[in-house]
**Q** 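If you scroll down you'll find the structure; I have some questions about it.
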Amino acid sequence: MDGQLVQVCRPSDSSLELIALVATLRQEFAELRAANQRLERENIGFRQQAAYWKSRHRDALQRIAGLEQKVEQLEGEKRQLKADLFGRRTETTTRSDRSNHLDDPQGDSQEPQRKRGQQPENAGPKRRDYSHLPVREEILELPPEQRVCPGCGQPFLPHGYTEDSGQIEIDVSAHRRVIRRRRYRRTCTCDGPNTVTVPPASKLIPKGRYGISVWVEVLLDKYSSYRPTERLLASWRLLDLDLAPGTVTDGLQQLEVLLKPIYEALQKRNRQGDLHQADETRWPVFVIIEGKEGYGWWLWAYLSQDTVVYLLDPSRGHEVPENHYQAKARGTLMVDRFSAYKAMSQVKQGLMVLAFCWSHVRRDFIRIGKGWPQLKTWALEWLGRIRVLYRLNDRRLAVEKGSAAFREADDCLRQAVAEMKTQMETELARADVATPCGKALESLREHWEGLTRFVDDQRIPMDNNASERRERGPAVARKNFYGSGSKWSGQLATAAFSIFATLSMWKLNPRKWLTWYFEQCAADGGKVPADIQAFLPWNIGEEQKKGLTDRGLPEGDDTS
């Protein structure tokens with residue numbers, strides 16, 4: 001019985017094989033499960049890596065897009081700089097490519113090209129009158145052998161009249177002025193010297209050899225014609241006058257003292273009034289100043305209604321116009337968008353308000369059209385809107401204020417300004433506005449209040465072109481003789497520039513005015529006259545002004 005039970009409980013070979021198979025399967029299942037877990041972990045790792053590299057790829061695409069946009073921006077700026085550097089800057093040629101013009105293909109096809117010179121629709125210039133010039137008569141006669149009839153040999157008799165004609169000539173020559181002072185002998189027995197001599201002739205520079213006409217010519221040639229002094233001296237050598245450059249330098253240093261009071265009076269006058277313009281340009285002064293690197297100074301130009309004042313300063317900061325206008329300054333200052341004017345204390349306190357220049361705004365859109373050809377159409381549209389403002393404002397200024405025509409023109413101008421503002425805000429609200437366009441429009445919105453001051457005050461111009469024109473002459477001088485070699489020469493340059501520009505506004509001949517002023521200085525012993533008020537343009541009487549009028553300047557011309 002026991003043996004049978006043992007036999008029944010003992011597994012059979014097939015059972016053992018099945019058990020072994022199950023064990024094997026379990027082991028394989030465990031291995032497969034472990035392998036599956038390992039693969040799942042690897043899959044998770046691969047997924048994580050794939051997500052990482054996808055993010056890296058996305059970042060790379062964004063970086064590439066940013067770099068492409070930056071490249072496009074730099075390419076546009078490069079085209080802008082090339083246009084500024086190599087483009088023509090003349091204001092007279094309207095169809096050539098220049099930095100202040102953007103060609104409009106549609107405009108060129110619609111409008112005929114304007115020819116240079118006198119336009120058929122404009123009246124011709126008046127014939128100039130030279131009757132005020134002195135006359136030197138010259139009589140032409142036949143040679144004696146030609147005063148007889150070639151046929152019979154009878155002589156010709158002089159007629160009672162002549163055939164007259166005229167030519168304009170210029171006689172430039174250097175001469176020595178020999179002054180002989182008469183001496184008189186006393187014929188009486190009164191007390192005193194036996195010999196009386198005429199007092200010495202007055203001199204502009206005491207003990208100087210050169211007269212007033214020489215120094216007037218030097219000042220005019222350098223600071224009105226903007227030529228280097230060496231060129232003038234070279235031309236004088238052709239007239240047999242050899243003048244040493246050192247002598248000219250010493251003389252100019254003494255003349256600076258004589259012109260300084262006139263310059264200070266112009267500065268005082270320039271601060272008055274409630275409408276001003278200002279601009280600045282480079283002017284090198286080759287002196288070493290502690291704490292300043294290089295020789296770059298700045299020539300500031302300040303315009304009022306009847307004066308022009310230039311001021312030389314090593315700084316381009318806001319303290320320069322602040323100190324010029326002083327604390328009592330009031331009114332409107334027409335400027336470009338240079339930040340120094342915005343930082344003036346008078347502006348921050350509200351004593352002076354800034355009016356900004358539309359010409360500079362116009363240049364923003366021109367630069368965009370030149371730098372980004374795909375935005376040229378957009379830029380031309382804005383240039384057209386600015387052109388409309390100029391035309392409407394000119395139309396308003398051409399009619400009498402208060403008339404029906406003025407009210408109509410004023411309404412049209414205000415409507416155009418409102419439409420431009422609406423267009424500006426609409427484009428700025430768009431999310432897809434191009435970067436260059438957005439920058440230009442943001443600047444337009446930032447300066448909008450100052451740009452539209454001319455709408456309410458007709459005296460305010462739309463641009464500061466007048467002050468920029470006043471700096472063209474000094475800019476030419478800077479290119480011709482490279483600024484000033486000393487501080488006193490820079491001060492003389494600013495004084496001479498200011499005097500000549502102000503005389504130009506008053507239509508006074510600078511040669512006649514300088515001669516008149518220097519003659520008085522010479523009469524006072526080579527010193528500044530005790531009272532300079534009579535020499536200031538706004539104090540000159542009508543009779544005196546007739547003798548100082550610049551007759552060589554046709555009516556309506558502007559020497560600026």
Side-chain angles (χ1 to χ4, degrees), residues 219 222-223 226 252-253 255-273 276-304 307-329 331 333-349 351-352 354 356-357 360 464 466-502 560:
L219 287 174
K222 188 176 183 68
Y223 300 113
Y226 315 112
L252 289 177
Q253 191 168 5
L255 295 183
E256 189 270 331
V257 179
L258 301 179
L259 295 178
K260 187 175 181 180
I262 301 293
Y263 175 60
E264 292 175 347
L266 294 181
Q267 285 183 296
K268 183 178 179 180
R269 177 83 172 188
N270 185 265
R271 299 186 186 103
Q272 301 175 6
H276 309 272
Q277 285 197 39
D279 199 14
E280 74 289 333
T281 188
R282 296 180 297 105
W283 185 269
V285 180
F286 296 94
V287 296
I288 298 176
I289 299 180
E290 184 178 357
K292 178 176 177 58
E293 296 183 0
Y295 306 107
W297 287 43
W298 294 92
L299 185 68
W300 297 74
Y302 303 102
L303 273 69
S304 67
T307 56
V308 181
V309 167
Y310 295 88
L311 196 148
L312 190 61
D313 197 277
S315 171
R316 202 188 179 194
H318 62 88
E319 64 276 1
V320 181
E322 275 182 11
N323 296 334
H324 171 71
Y325 287 111
Q326 300 182 350
K328 298 181 180 179
L333 179 62
M334 164 59 70
V335 294
D336 54 21
R337 296 166 295 182
F338 183 42
S339 58
Y341 301 112
K342 305 174 186 177
M344 292 172 56
S345 60
Q346 296 92 331
V347 175
K348 291 183 177 179
Q349 297 172 8
L351 302 178
M352 296 186 73
L354 299 181
F356 296 114
C357 172
H360 287 77
N464 69 334
S467 58
E468 290 196 343
R469 282 195 298 268
R470 287 295 178 183
E471 288 196 330
R472 287 180 181 173
V476 173
R478 179 188 66 213
K479 295 179 180 179
N480 284 342
F481 51 83
Y482 307 112
S484 303
S486 60
K487 188 174 181 179
W488 71 262
S489 64
Q491 294 172 346
L492 173 61
T494 55
F497 288 151
S498 302
I499 293 172
F500 293 155
T502 301
S560 61

**Q** Mind checking whether His360 and Glu468 have side chains closer than 4.5 Å, heavy atoms only?
**A**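 Yes, their side chains come closer than 4.5 Å.
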
**Q** Search all heavy atoms of Ala340 against all heavy atoms of Arg316 and return the closest pair with its distance.
**A**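 For Ala340 and Arg316, the tightest heavy-atom pair comes out as CB-O, 3.7 Å.
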
**Q** Look at the side chain of Gln346 and the backbone N and O of Met352, then say whether any donor-acceptor pair between them is shorter than 3.5 Å.
**A**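 No; judged by distance alone, with no hydrogens or angles, the pair does not exist.
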
**Q** At their closest point, which heavy atom of Phe286 faces which heavy atom of Tyr295, and how far apart are they?
**A** CA-CD2, 3.5 Å

**Q** Would you give the length of the straight line joining atom CE of Met344 to atom CD of Glu322, rounded to the nearest 0.5 angstrom?
**A** 6.0 Å

**Q** Hey, are the side chains of Val309 and Thr494 touching, using non-hydrogen atoms and a 4.5 Å cut-off?
**A**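 Not in contact.
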
**Q** How long is the gap from OH on Tyr310 to CD on Glu471, to the nearest 0.5 Å?
**A**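 Result: 6.5 Å between the selected atoms.
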
**Q** Scan Tyr223, Trp300, Tyr263, Tyr302 and name whichever one has a ring-ring contact (aromatic ring centres under 6.0 Å, His included) with Phe497.
**A**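 When Tyr223, Trp300, Tyr263, Tyr302 are each tested with Phe497, the ring-ring contact (aromatic ring centres under 6.0 Å, His included) holds only for Tyr223.
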
**Q** Within this structure, what is the NZ-CD distance for the pair Lys268 and Glu264, rounded to the nearest 0.5 Å?
**A** 11.0 Å

**Q** Please report the shortest heavy-atom distance between Ser484 and Ala493, naming the atom on each side.
**A**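 The answer is OG-CB, 4.4 Å.
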
**Q** Is any side-chain heavy atom of Gln272 closer than 4.5 Å to a side-chain heavy atom of Arg269?
**A** yes

**Q** Could you walk me through whether Tyr341 and Glu280 pass side chain to side chain contact (heavy atoms under 4.5 Å, CB included), step by step?
**A** CA-CA 11 Å; Tyr341 301 112; Glu280 74 289 333; 2.5 Å; yes

**Q** Within the 4.5 Å heavy-atom criterion, are Gln491 and Lys487 side-chain neighbours or not?
**A** yes

**Q** Would you compute the distance between atom CE of Met334 and atom CG of Leu354 and round it to the nearest 0.5 angstrom?
**A** 9.5 Å

**Q** Start with the C-alpha distance between Asp336 and Phe356, add both sets of side-chain angles, then the distance that settles side chain to side chain contact (heavy atoms under 4.5 Å, CB included), and finish with yes or no.
**A** CA-CA 5 Å; Asp336 54 21; Phe356 296 114; over 6 Å; no

**Q** With a sphere of 6.0 Å drawn around NZ of Lys292, does it hold more than 12 non-hydrogen atoms of other residues, nucleotides or ligands?
**A** yes

**Q** Run Tyr325 and Leu333 through side chain to side chain contact (heavy atoms under 4.5 Å, CB included) and show every step you take.
**A** CA-CA 10 Å; Tyr325 287 111; Leu333 179 62; 3.6 Å; yes

**Q** In Å and rounded to the nearest 0.5 Å, what is the CG to CG distance from Leu303 to Asn464?
**A**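 Those atoms lie 9.5 Å apart.
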
**Q** Mark yes when over 12 heavy atoms from residues, nucleotides or ligands other than Lys342 sit less than 6.0 Å from its NZ; otherwise mark no.
**A** yes

**Q** Restricting to non-hydrogen atoms, name the atom on Lys348 and the atom on Ala343 that form the minimum distance, rounded to 0.1 Å.
**A** CE-O, 3.7 Å

**Q** Between Ser304 and His276, what is the shortest heavy-atom contact and its length?
**A** CB-ND1, 4.3 Å

**Q** Stepwise, does the side chain to side chain contact (heavy atoms under 4.5 Å, CB included) test hold for Asn323 with Leu311?
**A** CA-CA 11 Å; Asn323 296 334; Leu311 196 148; over 6 Å; no

**Q** Can you find a side-chain donor-acceptor pair between Arg478 and Thr281 that sits under 3.5 Å?
**A** yes

**Q** Taking all atoms of both residues into account, what is the closest heavy-atom pair of Ala501 and Val308, and its distance?
**A** CB-CB, 3.7 Å

**Q** Do Arg470 and Asp279 come close enough that some side-chain heavy atom pair is under 4.5 Å?
**A**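 When only atoms from C-beta onward are counted, Asp279 and Arg470 do not touch, as no gap falls below 4.5 Å.
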
**Q** Can you tell me how far apart CZ (Arg271) and CG (Leu266) are? Round to the nearest 0.5 Å.
**A**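 Here the interatomic distance stands at 11.0 Å.
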
